[in-house]
Amino acid sequence: MSNALLDIDPIDLQFPFELKKQISCSLYLANKTNDYVAFKVKTTNPKKYCVRPNTGVVLPRSSSEVLVTMQAQKEAPADMQCKDKFLLQCVVSSPGVTAKEVTPEMFSKEAGHRVEETKLRVVYVDPPRPPSPVREGSEEGSSPRASVSDNGASDFTAAPRFSVDRLELQENSSEARALITRLTEEKNSAIQLNNRLQQELEKLKRESKRSQSGGGIPFMYVLLVGLIGLILGYIMKRT
C-alpha cells in the first residue's frame, strides 16, 4: 500500500502470536519522491507495543525500516483477533533535515501542513511449526543408504569425518601396541642375558680367587671380562 509520499510494506502488521514471548514485525517505508519525508508512527495501545524508530526521515528515493515489537502477553485474545491499530503519518520536510529535528508540530494539520496518513491493522498468525524429525531408516537398526541416480557420483553421500578419524586411530593404536610388544620382548631378552652374564661373572670371580692363591690371573678371565663389557655396552645402546 502507498500514499502520495511513501510506499508502505506490509499494510498489515503480522505477529506470530506466542504467550510470554516478545514478537517483532518489520515495516518498510520507501520514499518515491525527490523530497525529504518525515514520518511518525502512532498506536491505539502504546503500552503494548514498542516502535523503533517511532519518528524519522526517509531520504529521497531511499527506504527505511521500522521495527514494531509486541510485548510478551500473558493471555491469548479471544478467537485470536486483535483490535489494535497503527497510524503512519508522513509529511514533506525541509531538505537536509535529520531525525532529531523532527517535531510534533510538523504533523499538525491545524498549522496548515499537508499530512499523509495511513492506517495499519494488527493481525495474529500461527507461529511457525518446528520441523518434524527425519527418520534415518525405514526399519529399526537399519542405516541410511546412499542414493544412486543417473547423475552419477554427485548423488553419493560422503562418509562422515568421524568414521575416518576413528579408523586411522585404530590403525595407529595397532602399530603402537606392536612396537611396545617388540620392545618389551627385547628388554626381557636383554635382562635374561644380563642375568646369565652376572652368573658367569660371579663364577669367574670365585675361580679367580682360587687361582690367585696359586699366583697370577688366568688369561681366560681377562678375556671373558672384556667380552662381557662389550656385550653390556651393546645392550645399553639398544635400550
Side-chain angles (χ1 to χ4, degrees), residues 1-136 154 158 160-161:
M1 189 176 186
S2 62
N3 54 38
L5 302 177
L6 300 177
D7 285 331
I8 305 167
D9 183 45
I11 190 59
D12 293 333
L13 298 177
Q14 298 185 357
F15 294 92
F17 187 85
E18 294 185 59
L19 290 176
K20 301 179 181 180
K21 183 178 180 180
Q22 283 189 348
I23 309 168
S24 297
C25 177
S26 292
L27 181 66
Y28 298 95
L29 310 177
N31 185 354
K32 55 185 179 180
T33 71
N34 295 321
D35 300 315
Y36 282 69
V37 176
F39 68 88
K40 183 177 183 179
V41 182
K42 295 182 178 180
T43 179
T44 58
N45 196 343
K47 294 183 179 180
K48 185 177 178 180
Y49 300 94
C50 177
V51 182
R52 292 290 183 274
N54 59 350
T55 60
V57 176
V58 185
L59 301 181
R61 304 296 176 179
S62 63
S63 60
S64 296
E65 179 182 4
V66 177
L67 187 65
V68 182
T69 302
M70 182 177 65
Q71 304 301 322
Q73 301 298 301
K74 297 181 180 180
E75 297 179 357
D79 300 328
M80 293 295 289
Q81 299 296 320
C82 182
K83 298 181 179 180
D84 300 333
K85 291 182 176 61
F86 283 81
L87 178 66
L88 175 67
Q89 297 177 310
C90 56
V91 62
V92 175
S93 60
S94 303
V97 68
T98 63
K100 295 182 179 180
E101 298 173 341
V102 176
T103 62
E105 289 76 13
M106 298 173 62
F107 305 95
S108 174
K109 295 181 180 179
E110 289 77 8
H113 296 143
R114 183 179 176 180
V115 182
E116 296 285 343
E117 295 183 340
T118 304
K119 293 181 180 180
L120 308 173
R121 297 188 309 157
V122 175
V123 178
Y124 292 153
V125 296
D126 294 331
R129 295 182 179 180
S132 58
V134 179
R135 298 182 61 185
E136 295 186 353
S154 60
R161 177 62 189 171

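What you see below is based on every heavy atom in this structure, not just the backbone, and it leaves out hydrogens, waters and symmetry mates.
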Original post:
Taking only residues two or more places apart in sequence, or in another chain, which ones meet Asp9 in a salt bridge (charged side-chain N to carboxylate O under 4.0 Å, His left out)?
Top reply: none
**OP:** Output all residues satisfying salt bridge (charged side-chain N to carboxylate O under 4.0 Å, His left out) with Lys85, sequence neighbours left out; order by chain, then residue number.
**Re:** none
Subject >> Distance (rounded to the nearest 0.5 Å) between Tyr36 OH and Asn31 CG >> reply: 10.0 Å
Output all residues satisfying side-chain hydrogen bond (donor to acceptor under 3.5 Å, both in side chains) with [X], sequence neighbours left out; order by chain, then residue number.
{"X": "Asp126", "result": "none"}
{"X": "Glu110", "result": "Ser108"}
{"X": "Ser26", "result": "Glu65"}
{"X": "Asn45", "result": "none"}

Subject >> Pairs flagged by salt bridge (Lys or Arg N to Asp or Glu O under 4.0 Å) wherever residues 38-52 is involved - sequence neighbours left out >> reply: Lys48-Asp84
Original post:
What pairs with Phe86 under ring-ring contact (aromatic ring centres under 6.0 Å, His included), at least two apart in sequence or on another chain?
Top reply: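 Partners of Phe86 by the ring-ring contact (aromatic ring centres under 6.0 Å, His included) criterion, ordered by chain and then number, come out as Tyr49.
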Original post:
How would you list, by chain and number, every residue that makes a ring-ring contact (aromatic ring centres under 6.0 Å, His included) with Tyr124, sequence neighbours excluded?
Top reply: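 Scan of Tyr124 (ring-ring contact (aromatic ring centres under 6.0 Å, His included), adjacent residues dropped) gives Phe17.
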**OP:** Mind checking side-chain contact (heavy atoms from CB on, under 4.5 Å) for Val92 and listing every partner two or more places apart, or none if nothing turns up?
**Re:** Leu5, Asp35
**OP:** Apply side-chain contact (heavy atoms from CB on, under 4.5 Å) to Ala4 and list each qualifying residue two or more places apart in sequence or on a separate chain.
**Re:**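 side-chain contact (heavy atoms from CB on, under 4.5 Å) list for Ala4, sorted by chain: Glu116.
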**OP:** Sorted by first residue and then second, give each ring pair (Phe, Tyr, Trp, His ring centres under 6.0 Å) pair with at least one member in residues 58-81; sequence neighbours left out.
**Re:**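 Sorted result for residues 58-81: empty, none.
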